[in-house]
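Written out below as structure tokens is the structure these notes cover.
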There are 2 protein chains.
Amino acid sequence: MATRTVELELKPRVMLGEVRAMGPGKADLLELIEETGSISAAAKRMKMSYRRAWTLVEAMNGAFKTPLVEASTGGAGGGGARVSEAGKEVLALYRRMQAELEMVARQYLAGFQQRL
Amino acid sequence: MATRTVELELKPRVMLGEVRAMGPGKADLLELIEETGSISAAAKRMKMSYRRAWTLVEAMNGAFKTPLVEASTGGAGGGGARVSEAGKEVLALYRRMQAELEMVARQYLAGFQQRL
DNA sequence: TATCGTTATATCCGGCAGGACATAACGGCA
DNA sequence: TGCCGTTATGTCCTGCCGGATATAACGATA
């Protein structure tokens, strides 16, 4: 039978009161900024507007004690952005949590699957 | 220090392709329908429009092999709705998963907290 | 057969998240 | 000192989710 894909979508978000400090989108963005050294390049890869990427970065930096992304304007290449040590640590922590959550969820997949 | 509340928000969704078969909102609704025996009463308790509640029910019933909610119109009291056996089982499964996921997440809370 | 409360739908609207543009500002470097 | 690519913002627009509202259908019971 043509079984449509059944999957568990968990998008853990770290909330600081009402504001979303970290989530799947921000994590991906963080990763790409680290990789490209630029917010705009990272945005392009994620096919999101620079506007939005910048907004996400601001939200992260505003929420955490230490900025996760340090950006600079002008200069060689026009500027750029780098992920701070704190940023790398937070990203790693989030990824680990994500992986563990997915492992747990996977164990329930079959249970749902047979009813869908 | 006035520490704003830091929490992990995980809203696991069971996806059947693109459609959301089960999620936190639907689970709550299901629970309230079971409790009240009525979609509209459940909707009221959740402070959501009957329109939306009904839409959610339809989505669930459409996604699962066996309808999770069985509704009837007319008759004594105008009609009503009950949660099927399948519905109760799916709900229980979802709740168990949710609880386990929350336990895992909780272990990461402190890690984020100290950086927020 | 008239009543009543709930299910079942359609239609109209408002809020808001996010994309598309448009511009500054910035600071190495040729 | 002009060029360039990136960061930093503001503004407009649109799609969509969900609320509000309005009926119709329904069927046990008095």
Side-chain angles (χ1 to χ4, degrees), chain A residues 9 11 13 15 17-63 67-84 87, chain B residues 9 11 13 15 17-63 67-84 87:
Chain A
E9 175 184 301
K11 305 185 172 179
R13 300 171 189 286
M15 304 294 293
E18 290 301 287
V19 309
R20 308 171 176 182
M22 180 56 57
K26 292 192 176 75
D28 289 352
L29 182 61
L30 215 50
E31 210 161 76
L32 285 171
I33 290 177
E34 188 178 356
E35 196 177 323
T36 62
S38 147
I39 295 177
S40 70
K44 237 168 246 168
R45 288 238 197 133
M46 291 189 65
K47 286 176 193 163
M48 76 168 51
S49 63
Y50 169 80
R51 186 72 171 81
R52 171 151 179 67
W54 182 83
T55 301
L56 294 180
V57 167
E58 222 204 19
M60 283 190 279
N61 283 350
L68 305 193
V69 174
E70 282 155 355
S72 58
T73 79
R82 47 184 299 284
V83 176
S84 69
Chain B
E9 176 183 300
K11 304 186 173 180
R13 300 171 188 287
M15 304 293 295
E18 291 300 289
V19 309
R20 306 170 177 183
M22 180 55 57
K26 293 192 176 75
D28 290 351
L29 182 61
L30 215 51
E31 212 160 72
L32 285 172
I33 290 176
E34 189 178 354
E35 196 176 323
T36 63
S38 147
I39 295 177
S40 69
K44 238 168 245 168
R45 288 238 197 134
M46 291 190 66
K47 286 177 193 165
M48 76 167 53
S49 63
Y50 170 82
R51 183 71 171 81
R52 172 151 177 68
W54 181 83
T55 302
L56 294 179
V57 167
E58 223 205 19
M60 283 190 278
N61 283 350
L68 305 194
V69 173
E70 283 155 354
S72 59
T73 79
R82 47 183 298 284
V83 176
S84 69

Find out whether [X] and [Y] are in side-chain contact, i.e. whether some heavy atom of one side chain is under 4.5 Å from a heavy atom of the other.
X       : Y       : result
B:Val69 : B:Leu29 : no
A:Val83 : A:Leu68 : no
A:Glu35 : A:Arg45 : yes

Output the rounded distance in Å from [atom1] ([X]) to [atom2] ([N]).
X       : N      : atom1 : atom2 : answer
B:Arg52 : C:dA8  : CZ    : P     : 17 Å
B:Glu70 : C:dA8  : CD    : P     : 12 Å
B:Arg20 : D:dC16 : CZ    : P     : 13 Å
B:Lys26 : D:dC17 : NZ    : C1'   : 13 Å
B:Met48 : D:dG19 : CE    : P     : 7 Å
B:Tyr50 : C:dA10 : OH    : P     : 13 Å
B:Trp54 : D:dA22 : CH2   : C1'   : 16 Å
A:Lys44 : C:dA20 : NZ    : C1'   : 15 Å

Side-chain donor-acceptor pair present, B:Ser38, B:Thr36, cut-off under 3.5 Å
no

Is there a side-chain contact between B:Ser38 and the phosphate of C:dT7, meaning an N or O under 4.0 Å from OP1 or OP2?
yes

Taking B:Lys26 for its side chain and B:Arg20 for its backbone only, find out whether a donor-acceptor pair lies under 3.5 Å.
yes

Given that B:Arg51 and B:Ser40 both sit by DNA chain C, which one's nearest nucleotide is further toward the 5' end?
B:Ser40

With side chain to side chain contact (heavy atoms under 4.5 Å, CB included) as the criterion, how do B:Lys11 and A:Lys11 come out once you've worked through the C-alpha distance, each side chain's angles and the decisive distance to 0.1 Å?
CA-CA 7 Å; B:Lys11 304 186 173 180; A:Lys11 305 185 172 179; over 6 Å; no

Using a cut-off of 4.0 Å on non-hydrogen atoms, how would the nucleic acid contact of B:Thr55 be classed: base, sugar-phosphate, or nothing?
nothing

Which letter, B, S or -, goes with each nucleotide of nucleotides 25-30 of chain D from 5' to 3', with contact meaning a protein heavy atom under 4.0 Å?
-BBS--

Can you confirm whether A:Arg13 is buried at CZ, in the sense that more than 12 heavy atoms of other residues, nucleotides or ligands lie under 6.0 Å from that atom?
yes

